[in-house]
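Let me begin by presenting the structure, written as structure tokens, before commenting on it.
Everything numeric here is computed off the predicted structure, so don't read it as measured data.
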Amino acid sequence: KILSHAPCMTDAWKVTMNKFEDKPDPSLLPLLIERVDRIESQASKSEHVIEDLQRRLVKAEQRLSPHQNQGIPWRRILACMCPPQKKSQVEEFKDCDIKPDEEYELPQDIYSVVASWPPRSRPFFTALLVVSVQIALFLLLLTDQIGSKGDSDLINVPANVPIIVHAAQALATIIAIMDQDDLRSAIEAFFDGLPTRFKGDVAFQGMGKVQWNFACFVRFLQGFLSVFASFILAVQSKTVFDVLLNFLGVKFVSELDDLSFSLSLIGYFGSECERASKKIAEVQFQQDNRNKVDETSWNRFWFYKYAHVFGVFGVLAFLLALFFWVLISQNNGDFSPQVFWMEMTDSDAPFAALFKGCYRVSPSGTRHERRLEYEQMGFEKSGGKFAFCGDLGGEQAWTFMIGESATDPCRDYSGRSEPTTTYNILDGVGNTQWYAPGGQPFGSIEASKVSTVSGAALNDCGRTQFDQTGAIICEQLEFEGHIDASKQVSRSKFFDKVFLNDSDSTVYSYPALTHPIFVGNSSIPGKYDLVLFTGKSWVLTNVIESNITSDQSGLSMQEYLDSDPAFPEILFNMIFIGAHVDIITSTVNYDDNQYTPEGMRWFRMQEQDPNFDFNYPTADQSRPVEIHLTCATCNNITNPCSFGGICAEDGTCDCINGGSGALCTEVPVGDATCHPYFNTEQFDWDGGDCCGATCTGPQCGL
């Protein structure tokens, strides 16, 4: 039945088949079988013919383009014709050498509009606007990421990152280059040159070399900015997630040209842009010299053909070289802070103020867990150190150590930060909670990077300038009160101000040597008591005794303390282990109190904390001592004499109205001597001293 309906069946064959169907005759069966075999053989041959015809039809459709009218000829680009002709002259180009494999189309993106469509047209300017937005976004991104911190680290590379992040950064850089078709297409189009002929709308006949090369340039610029932005964001990333997220963000911006062209094809930018986009998608080009290369010899055409390969791999080699430089620099600590300033704030740690100052990378280059070790500048033996511990009870943290004997950050630490994995000392130390070895919190730390303006500025970090004019400092303190009535201690009544190591230069020194020291007026070389600032609090010492030589016996106390070789050790023991300290003030919270202890409350020293290796002098708030240190030097502006006393040039008060004391503060009432200044109701009429009825004594009423 199937064969009977075949179009190749003859009428005789159809009659025979009909007879066989109506009345089957065995004599007709051999003839039927013979004819079936013949038809099967013919049908098999026809299949090959049909398949060949179909392939030829598909190739013809590809050449003619289904979107254009049949019979559109190949035409010369006017810029490639010699002599040049007018645009109105449409000359067909007949070339028997044209081959389908030499035909090519422009990339379907906005840059093809810039390259091929007539300038001063709406599609051209729309495409140029999209290109400008795309390049501007990349420039804004790079401007924001490069040099935004305003220091020597231009690309803001983190101090270091885990190895898996380095691997992700390298892969992201390679993928970004290989995926960037605009970079490759720009190089290829530039070296191929302007097409010589086209088949499509006559608008393409006016294409020129300047326009073509300009499109290649902006396409290459956008592609390179995209790759470079991907690289910058990759090396700035601290996690694999950040690497991938930044990569996707850059890829979105780099594909704006493709997205804009697709939107233009469906009319989002107007009918004129839609027609232009469709014609660009349909047009075909050929170039006389494209792909015509002698593979057996080196010539410029061979280079032109593979220029995009050299260009892409050249950019890849450049960025990978830059990546390995960044990786090596990170492992060497070049992107880590080299010097930073540190101060503990709101801290109960007794050593808080002693180790305030600048810290630098250890000159020995010591590292812990791929992180640098830092030591306090100017105090190599007794100063503080910061290092990283990779296993601190199952946690990772930065730790603080004291002294040159402390070498293991996981064992010899006096304080530790919150758990962290950061490679940057500023992130691990600054603005985080810190804990004692026993787990007690003792405050936070402020840390900031010290930028280098010059070598001298960096080397001076942590030094202290002796400043005797920065605050109005009392020349003499007066001691009032009793520390321990049960002990008969010969203590000075007045303390005179001195500056030790007085110099105009900056030095590395303890706060005690850069602030005034008050020496008891009864002190002599070898036996003295002091009031000094430790950096955290003021302390009043016991009477300190030390051996002196005959040459020292005639020195003033300032000369003696300046020259006594034993005094630095006495001072060190006083600050670090509380030796010779009798009483201590509460923590100094104001700058003015760093130069004078006036008005401060005094306490007994706290017992040693077993969690700390050093017995730093600290006030025991539960054991106050009722004493006062007041300024015994008058000043008509800041510290005038009381009750009408007159301040002399030498800083002493002339208590002309009967008051007493260094500043005339003691009221002379009830002393059987009449003082008219105090004979007022406020002073109970001088305690009755000016009235015979209430005064008893030989000088009553006088």
Problem - Donor on one side chain, acceptor on other, T421 and Q396, under 3.5 Å - result: no
Handout entry: Listed partners of Y374 passing ring pair (Phe, Tyr, Trp, His ring centres under 6.0 Å), at least two apart
Key = F340
Problem - Check: Y359 main-chain N/O paired with W341 side-chain donor or acceptor under 3.5 Å - result: no
Practice task
Determine the minimum heavy-atom distance between V157 and V235, stating which atoms define it.
Solution key: CG1-O, 4.0 Å
Practice task
Without swapping roles, check the side chain of Q222 against the backbone of F217 for a donor-acceptor pair under 3.5 Å.
Solution key: no
Handout entry: Heavy-atom closest pair, residues V114 and F124
Key = O-CE1, 3.4 Å
Handout entry: salt bridge (charged side-chain N to carboxylate O under 4.0 Å, His left out) partners of D427, counting only residues at least two apart
Key = K238
Completion exercise
Distance col, row Q180:CD vs F228:CZ, nearest 0.5 angstrom, shows 14.5 Å
Practice task
Check whether any side-chain N or O of S237 sits under 3.5 Å from a backbone N or O of T239 as a donor-acceptor pair, and report yes or no.
Solution key: no
Practice task
Would you indicate whether the side-chain heavy atoms of E373 and R367 approach each other to under 4.5 Å?
Solution key: no
Problem - Any F386 side-chain heavy atom under 4.5 Å of M342 side chain - result: yes
Practice task
Under the salt bridge (charged side-chain N to carboxylate O under 4.0 Å, His left out) rule, collect the residues that match up with D182, sequence neighbours excluded.
Solution key: R219
Completion exercise
Between R371 and T422 the two heavy atoms that sit nearest each other are NE-O, 3.0 Å
Problem - Between NZ on residue K209 and SG on residue C216, distance to nearest 0.5 Å - result: 13.0 Å
Practice task
Applying salt bridge (charged side-chain N to carboxylate O under 4.0 Å, His left out), name anything that partners E395, two or more places apart in sequence or on another chain.
Solution key: R416
Handout entry: Any side-chain donor near an acceptor of the partner, Q134 and Y111, under 3.5 Å
Key = yes
Completion exercise
CG (L183) and CD (E188) are apart, to the nearest 0.5 Å, by 11.5 Å
Problem - Beyond-backbone contact of F247 with V243, side-chain heavy atoms, under 4.5 angstrom - result: no
Handout entry: Spacing of F231 atom CZ and L233 atom CG [to the nearest 0.5 Å]
Key = 11.0 Å
Problem - Expected output: side-chain Q338 to main-chain R360 donor-acceptor under 3.5 Å - result: no
Practice task
Run the numbers on Q169 and V161 for side-chain contact (heavy atoms from CB on, under 4.5 Å), then give the verdict.
Solution key: CA-CA 10 Å; Q169 292 170 341; V161 294; 4.2 Å; yes
Handout entry: Separation of I135 CD1 from F224 CZ (nearest 0.5 Å)
Key = 13.0 Å
Exercise for the section: State, with a plain yes or no, whether a side-chain heavy atom of T126 is found less than 4.5 Å away from one of L129. Expected result: no
Handout entry: Main-chain N/O of S260 paired to S264 side chain as donor or acceptor, under 3.5 Å
Key = no
Practice task
Please lay out, stage by stage, how I110 and L256 fare under the test side-chain contact (heavy atoms from CB on, under 4.5 Å).
Solution key: CA-CA 9 Å; I110 288 299; L256 284 179; over 6 Å; no
Practice task
Could you tell me whether the side chain of N246 and the main chain of A234 form a donor-acceptor pair under 3.5 Å?
Solution key: no
Problem - pair S254-F138: side-chain heavy atoms closer than 4.5 Å - result: yes
Exercise for the section: Indicate yes or no for a side-chain donor-acceptor contact from D109 to the backbone of S112 under 3.5 Å, with no hydrogens or angles considered. Expected result: yes
Exercise for the section: Determine, step by step, whether F261 and D257 satisfy the side-chain contact (heavy atoms from CB on, under 4.5 Å) criterion, reporting the C-alpha distance in whole Å, the side-chain angles of both residues, the deciding distance to 0.1 Å, and the verdict. Expected result: CA-CA 6 Å; F261 190 85; D257 55 314; over 6 Å; no
Handout entry: Distance in Å, L221 CG paired with S226 OG, rounded so as to fall on 0.5 Å steps
Key = 11.0 Å
Exercise for the section: List the atom of W212, the atom of A115, and the distance in Å for their closest heavy-atom pair. Expected result: CE3-CB, 4.1 Å
Handout entry: Pair T366, S364: side-chain N/O donor-acceptor within cut-off below 3.5 Å
Key = yes
Problem - Residues K278 and E282 bridged, charged N to O under 4.0 Å - result: no
Practice task
Under the salt bridge (charged side-chain N to carboxylate O under 4.0 Å, His left out) rule, collect the residues that match up with D179, sequence neighbours excluded.
Solution key: K251
Problem - Ring-ring centroid check F204 W117, cutoff 6.0 Å - result: yes
Completion exercise
For V113 and Q211, the nearest pair of non-hydrogen atoms, with its separation, is O-NE2, 4.3 Å
Show me the donor-acceptor pairs within less than 3.5 Å that the side chains of residues 313-332 make with the rest of the protein, sequence neighbours left out.
from : atom 1 : to   : atom 2 : distance (Å)
S329 : OG     : W325 : O      : 2.8
Q330 : NE2    : P158 : O      : 3.0
N331 : OD1    : N160 : ND2    : 3.2
N331 : OD1    : R370 : NH2    : 3.1
N331 : ND2    : L327 : O      : 3.3
N332 : ND2    : I328 : O      : 3.3

Practice task
May I ask you to test the I187-F191 pair for a side-chain heavy-atom distance under 4.5 Å?
Solution key: yes
Problem - Taking every non-hydrogen atom, the tightest pair across E274 and L265 - result: CG-O, 3.4 Å
Handout entry: Any donor-acceptor N/O pair, S121 side chain to P118 backbone, under 3.5 Å
Key = yes
Handout entry: pair T173-S230: side-chain heavy atoms closer than 4.5 Å
Key = no
Problem - Greater than 12 external heavy atoms within 6.0 Å of I266's CD1 - result: yes
Exercise for the section: Determine whether F388 and I425 make a side-chain contact, defined as any pair of heavy atoms from C-beta on separated by less than 4.5 Å. Expected result: no
